[in-house]
Amino acid sequence: KTFGLDWEIYLLLFGFAGASLLIQAVLAVAWLKAGDRFDATAFAAASFSSMAPFISDQFDTLKDVIFGGLCWQSPHVFMKIVGVLSWLYLLAIHARIFWLSVARKASTRYAL
């Protein structure tokens with residue numbers, strides 16, 4: 001096999017996604033106010049929407065990373081450049097989304 005990821009890597013990434021969901025669930029429950037609670041189906045809905053193919057951000061990000069890796073494996077220099085640009089774009093768009101969410105929280109916290 002010369003291209004792509006072995007299935008063990010996909011299994012590892014799936015395991016990381018599941019562990020991430022469990023950590024988020026534990027933190028969400030720990031930060032609940034006294035008397036508040038989640039519906040019984042909340043974890044199942046969050047799991048499906050964050051791990052289902054073609055509708056989740058994690059899946060889409062994995063596809064982008066794999067695309068960059070496949071381009072990087074190409075013997076053509078132009079394709080290697082496309083792969084690196086794809087990874088840089090992915091990093092930049094996630095950094096921008098993170099920065100905008102932090103800025104939005106900061107602006108609402110200190111609003112008059």
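Fair warning: this is a prediction, and the values are worked out from it, not measured in the lab. Position 1 is the first residue of the sequence; numbering continues from there.
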Atom pair CG/CD1 of L62 and I66 - distance to nearest 0.5 Å: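 Reported value, rounded in 0.5 Å steps: 4.0 Å.
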Nearest 0.5 Å please: distance from the CZ atom of F59 over to the CG atom of D64. 10.5 Å
Do L21 and S50 make a side-chain contact, defined as non-hydrogen atoms from C-beta onward lying under 4.5 Å apart?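 Side-chain contact under 4.5 Å: yes.
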Are V102 and F98 packed together at the side-chain level, in the sense that at least one heavy-atom pair is separated by less than 4.5 angstrom? yes
Pairs of donor and acceptor atoms involving the side chains of residues 80-95, under 3.5 Å and at least two apart or interchain, shall be tabulated with distances.
unit_1: K80; atom_1: NZ; unit_2: W72; atom_2: O; d: 2.7
unit_1: K80; atom_1: NZ; unit_2: S74; atom_2: O; d: 3.2
unit_1: W87; atom_1: NE1; unit_2: V65; atom_2: O; d: 3.2
unit_1: H94; atom_1: ND1; unit_2: L90; atom_2: O; d: 2.9
unit_1: H94; atom_1: NE2; unit_2: T61; atom_2: OG1; d: 3.4

By side-chain contact (heavy atoms from CB on, under 4.5 Å) - contacts of D36 (at least two apart): L32, K33
Not counting sequence neighbours, which residues clear side chain to side chain donor-acceptor pair (under 3.5 Å) with S20? List them please.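 Result, side chain to side chain donor-acceptor pair (under 3.5 Å) vs S20: Q24.
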